[in-house]
Amino acid sequence: MFPPVSRLFRALHSRNFRIWAAGAAVSNVGTWMQRTAQDWLVLTELSNHDATSVGFVMALQFAPQILFLPWTGYAADRLDRRRLLMTTQGLMGALAIGLGLLTVAGVVRLWEVDVFAFLFGTVAAFDAPVRQTFVADLVGEEDLANAVALNSTSFNAGRMLGPAVAGLCIAATGSGWAFLLNGASFFAVLVSLRFLRVHELHASRQAARGASGLLDGFRYVWARDDLRAATLMLLVIGTFGLNFQIYIATMAVSVFHVGATHYGALNSAMAVGTICGALMAARRARATFASLAVGAAAFGIGCGCAALAPTYVVFAIVLAATGVATQTLTTTSNSFMQLASAPAMRGRVMAIRLAVALGGTPVGAPIAGFVADHWGPRWSLALAALSGIIAAGIALRHLTRPQPSRSFD
């Protein structure tokens with residue numbers, strides 16, 4: 001067996017996974033640079049510190065997760081995942097460069113940011129489920145949970161570095177260059193996909209061409225008590241809890257009155273916690289439903305403490321702790337739902353997971369922005385805390401019920 005450190009990084013034994021992880025690491029930094037710059041651009045340059053506008057942009061960016069759900073998961077199960085990823089990654093890079101050019105030229109308008117957010121979200125709706133299920137093609141079933149956790153570690157390393165770099169970039173040259181750098185970062189993913197050894201990919205069982213797609217996926221999830229409970233938990237927290245772009249931006253500007261550099265540092269502080277959470281998940285031998293329950297409860301407590309934070313430094317520390325809980329919840333749900341699903345259904349199950357986790361944003365983000373505008377950012381965080389407690393209650397109910405035997409049939 002592997003020694004402890006080797007076990008933590010065992011998925012990296014795969015050459016294909018190493019190449020993919022290297023390209024994704026570069027792109028993840030760019031992705032978080034864009035997210036940070038977009039929120040700052042809307043909040044401070046294109047509106048008068050209007051959190052509702054930020055919420056609306058987020059709603060447009062994540063609405064496609066719901067709108068295109070009938071096709072996104074089925075595409076991940078039916079199409080060549082490597083080729084589909086090359087298409088989606090190339091399109092997202094082109095969109096980032098387009099928005100960057102408009103911003104650098106000083107002609108960007110709020111409605112144009114809205115349009116780009118929707119287009120970016122549309123491509124991402126097809127990209128996300130295939131990108132998550134593609135990990136199984138890279139490493140196979142045995143190391144899937146570890147690969148998912150390492151993938152999340154890379155994503156959150158980008159979450160730590162990206163906002164900090166974006167803050168410095170915004171302060172030095174403006175938001176537009178953050179978008180342009182993100183566009184360039186997608187080239188790293190395209191190169192990594194090009195150099196994979198296709199014959200070493202672990203082929204997954206594909207859905208039959210006559211399958212009814214999304215409807216089959218919903219039936220499958222709803223018939224499984226464990227998948228149904230995990231999905232409901234993500235729906236609650238995804239709608240009312242995972243709106244940290246609003247929470248951090250409004251707390252930075254309206255409560256602590258700091259600039260772009262300190263705003264980026266807050267995002268990075270949370271990312272430190274999410275990296276720790278992802279590495280903790282990578283050490284686990286398997287993803288369990290009990291870990292989901294713990295993550296949900298800790299998320300609720302963390303958001304409650306963040307809402308009460310008296311100073312900028314305390315808020316940053318609490319964000320890091322909340323990041324651990326957030327990543328425990330999201331990474332464990334990813335691994336758990338993939339491993340608990342039949343391989344031929346995995347793409348649709350992951351599309352449904354992403355739709356409920358991110359697709360609730362069109363409802364929750366404007367509400368979070370409205371609460372922040374009218375009652376203050378602290379009350380918006382209190383709403384997130386409540387979502388965590390409700391999700392923990394759903395998990396507890398599932399864990400205390402008699403559990404039938406499970407099967408992939």
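Residue numbers start at 1 and run along the sequence shown.
- Of the possible polar contacts, none joining the T103 side chain to the V108 backbone as a donor-acceptor pair under 3.5 Å is found.
- Taken to the nearest 0.5 Å, the CZ atom of R83 stands 14.5 Å off from the OG1 atom of T88.
- Put simply, the side chain of Y247 does not reach to within 4.5 Å of the side chain of L319, judged on heavy atoms.
- The side-chain heavy atoms of F120 and L91, taken from C-beta on, include no pair separated by under 4.5 Å.
- Residue S333 forms a side chain to side chain contact (heavy atoms under 4.5 Å, CB included) with just one option from I237, T231, L292, T328, and that option is L292.
- Counting only heavy atoms from C-beta outward, the side chains of T330 and R353 approach each other to under 4.5 Å.
- Between the side chains of D226 and H398, not a single donor N or O lies within less than 3.5 Å of an accepting N or O.
- Considering CD1 of I352 and CG of L234, their distance stands at 12.0 Å, rounded to 0.5 Å.
- Taken from CG in L150 to CZ in R18, the straight-line distance is 12.5 Å, to the nearest 0.5 Å.
- Ring pair F118/F68 is tilted by interplanar angle, where 30° to 60° counts as tilted.
- Aromatic ring pairs are classed by plane angle as parallel below 30°, tilted from 30° to 60° and perpendicular above 60°; the pair F134 and W20 is perpendicular.
- In this structure the side chain of C303 reaches within 4.5 angstrom of the side chain of F244, judged on heavy atoms.
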